[in-house]
Amino acid sequence: MCYAIPGKVKEIRGKQVLVDYFGEEKKAINEFYDIAVGDYICAQGGFVIKKVKEDEAREVLSAWKELFFELQDIDLRLSRMDLGEGSDKKLRLILDKALENIPLKKDELLYLLDLDSQQSCQLLYKSANFLRQKYHKNSCCIHGIIEISNHCQQQCTYCGISTHNKDLPRYRMTQEEIIETAVEAVERYGFQALVLQSGEDPGYSVDELAITIRKIKEKVPVLICISFGEVGLEGLEKLYHAGARALLMRFETSNPKIFARVHPGQKLETRLEHIHKAASLGYLIMTGALIGLPGQTNEDIINDIYLTKELGAEMYSFGPFLPHPETPLGNLKSPSEEKVLKTLALVRLIDPEVAKILVTTALETLEPTTRKKGLLSGANSLMLNVTPVKYRKLYAIYPNKAYSDELISTQIEEAISLLKSLGRAPTDLGVSKVI
Ligand code: SAM
């Protein structure tokens with residue numbers, strides 16, 4: 001649950017609070033605040049991140065109320081669904097099942113992933129969007145990401161910041177820079193959830209990262225998601241105690257043979273062990289896979305979605321592999337936009353009620369106009385780049401990365417304007433940025 005607008009506490013049971021948002025009830029965990037029934041709070045990813053004064057909350061809510069219902073109406077209109085009488089009877093039967101929340105069999109999912117006519121794909125996307133609206137209403141997460149270092153000791157054969165890329169100038173933000181960037185993202189731009197990401201950089205110790213996180217949490221109310229790669233199980237514990245509450249770590253592929261081929265020296269089990277450990281500690285899990293790795297079949301992609309669900313993911317991060325010329329896989333092709341959109345739609349069909357689905361920057365790099373299509377194919381989450389502009393181009397995991405130059409304010413304006421046109425409520429950005 002993450003509406004950036006304040007909600008009113010209706011009920012408290014131990015650490016769990018029930019919060020009312022214009023009649024919609026959501027649960028959140030309160031770990032740090034002295035809260036009573038009737039108080040107003042803001043929550044992110046199911047965690048209370050701040051208590052809000054009553055007069056402040058009322059002001060925000062009265063400004064929001066009309067817009068909130070207006071947006072919901074637009075969204076409802078755009079997500080209406082009619083399977084019609086088109087020619088593909090098998091497709092209609094499968095989608096009918098999905099729309100009634102009957103789990104699809106693997107051969108049915110494969111049929112959907114194999115679709116190639118525009119008309120059939122559109123029907124799949126619309127069904128996914130219908131399910132997104134049915135279970136998640138019009139909320140859309142917007143997290144910020146700060147890419148704190150492009151140093152990496154791993155040799156992933158697809159990644160432009162791996163050890164393969166000898167010519168890339170490397171940077172590592174100082175603790176002060178990271179804190180300053182995070183505080184600005186929260187106080188100036190209104191972000192309520194931030195991902196801190198880096199390559200696997202031995203230049204930061206886990207203890208240093210923990211201090212950085214603790215200092216950010218002392219300065220601003222924000223949900224912190226870590227994405228530093230394999231920091232070790234003890235490392236995960238330390239970072240949790242420092243205040244991190246979400247982990248973004250893709251397992252990249254559920255196929256152990258492909259995993260071994262593209263990750264020399266790494267093991268799929270180790271990554272999965274990290275994700276399991278993080279879940280057991282109480283982290284929100286954001287995970288997923290790359291679409292289009294060499295040797296990957298459609299069945300692999302479906303297995304990737306199944307694995308993400310088994311891992312208890314709150315957010316699904318599935319994006320295209322984009323070849324980087326300075327890596328061993330530099331001569332390969334990226335998958336089609338359609339393949340990625342179909343995968344996002346399948347995620348929605350497989351995990352309709354829980355999945356927050358990200359439109360990744362990689363997908364937007366593959367096809368710049370695709371954000372809208374992603375949001376209309378089952379997705380309900382965006383990540384904006386709040387890394388200082390001087391570093392962004394150096395975080396070159398693939399070439400020509402989207403949003404390498406755009407000011408944060410421009411990115412926010414573009415995102416909000418698109419979301420409003422689709423009737424979506426941006427749920428992780430301070431409300432002043434919305435109206
Ligand atoms: N070190 C962390 C980790 O291992 O999860 C985070 C950094 S890593 C560079 C972030 C993500 O970039 C990876 O999960 C991977 O899927 C993605 N990535 C790397 N190279 C890519 C490429 N060529 N195309 C698309 N995505 C890529």
Side-chain angles (χ1 to χ4, degrees), residues 145-165 168 170-172 195-204 206 209 225-232 235-236 239 244 246-254 258-259 262-268 270-275 278 283 285-294 296 301 304 308 311 313 315-335 337 339-340 343 358-367 383 385 387 391-392 394-402:
I145 182 165
I146 308 175
E147 296 150 343
I148 65 170
S149 159
N150 71 352
H151 287 265
C152 190
Q153 61 189 0
Q154 295 293 0
Q155 308 160 52
C156 310
T157 57
Y158 50 82
C159 183
I161 64 165
S162 67
T163 53
H164 300 285
N165 194 351
L168 181 69
R170 304 281 169 165
Y171 73 90
R172 177 179 300 123
V195 178
L196 303 183
Q197 187 174 86
S198 68
E200 288 195 14
D201 180 0
Y204 298 121
V206 169
L209 291 170
C225 172
I226 53 164
S227 184
F228 307 132
E230 295 171 17
V231 293
L236 284 173
L239 298 174
L247 172 77
L248 170 59
M249 181 189 249
R250 283 178 172 167
F251 51 83
E252 313 293 358
T253 169
S254 58
I258 301 178
F259 188 97
V262 299
H263 299 108
Q266 293 184 62
K267 284 192 185 142
L268 179 56
T270 313
R271 259 182 121 70
L272 296 180
E273 211 183 345
H274 273 74
I275 299 172
Y283 279 93
I285 300 301
M286 306 180 183
T287 186
L290 278 165
I291 304 164
L293 284 174
Q296 184 185 55
I301 294 178
D304 291 344
T308 310
L311 290 167
M315 186 177 290
Y316 285 65
S317 171
F318 279 71
F321 150 67
L322 302 176
H324 190 296
E326 298 304 320
T327 62
L329 301 185
N331 291 327
L332 299 184
K333 277 199 171 146
S334 43
E337 178 197 23
K339 181 71 161 269
V340 184
T343 304
L358 189 63
V359 178
T360 60
T361 307
L363 176 55
E364 295 191 64
T365 303
L366 179 69
E367 174 47 61
M383 217 173 263
N385 196 327
T387 311
Y391 296 128
R392 279 199 219 149
L394 300 176
Y395 200 77
I397 50 184
Y398 43 77
N400 308 315
K401 194 151 150 255

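Counting convention: from 1, in listed order, for ligands and their atoms alike.
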What do you reckon, are the aromatic ring centroids of His263 and Tyr158 less than 6.0 Å apart?
yes
Pairs under 3.5 Å, N/O atoms on ligand 1 and on the protein: can you put them in a table with the distances?
| from | atom 1 | to | atom 2 | distance (Å) |
| --- | --- | --- | --- | --- |
| ligand 1 | 1 (N) | Ser198 | O | 2.9 |
| ligand 1 | 4 (O) | Arg271 | NH2 | 3.0 |
| ligand 1 | 5 (O) | Arg271 | NH2 | 2.8 |
| ligand 1 | 14 (O) | Glu252 | OE2 | 2.6 |
| ligand 1 | 16 (O) | Arg250 | NH1 | 2.8 |
| ligand 1 | 16 (O) | Glu252 | OE1 | 2.7 |
| ligand 1 | 16 (O) | Glu252 | OE2 | 3.4 |
| ligand 1 | 23 (N) | Tyr158 | O | 2.9 |
| ligand 1 | 23 (N) | Leu322 | O | 2.7 |
| ligand 1 | 23 (N) | Ile397 | O | 3.4 |
| ligand 1 | 24 (N) | Leu322 | N | 3.0 |

Residues two or more places apart in sequence or in another chain: which of them pass side chain to side chain contact (heavy atoms under 4.5 Å, CB included) with Ser198?
Ile148, Ser149, Phe228
Would you please name every residue forming a side chain to side chain contact (heavy atoms under 4.5 Å, CB included) with Ala396, sequence neighbours left out?
Leu168, His324
Side chains of Leu272 and Leu311: closer than 4.5 Å at any heavy-atom pair?
yes
Tell me, please, which residues at least two apart from Tyr283 pass ring pair (Phe, Tyr, Trp, His ring centres under 6.0 Å).
Tyr240
Ile161 side chain near Arg170 side chain, heavy-atom distance below 4.5 Å
yes
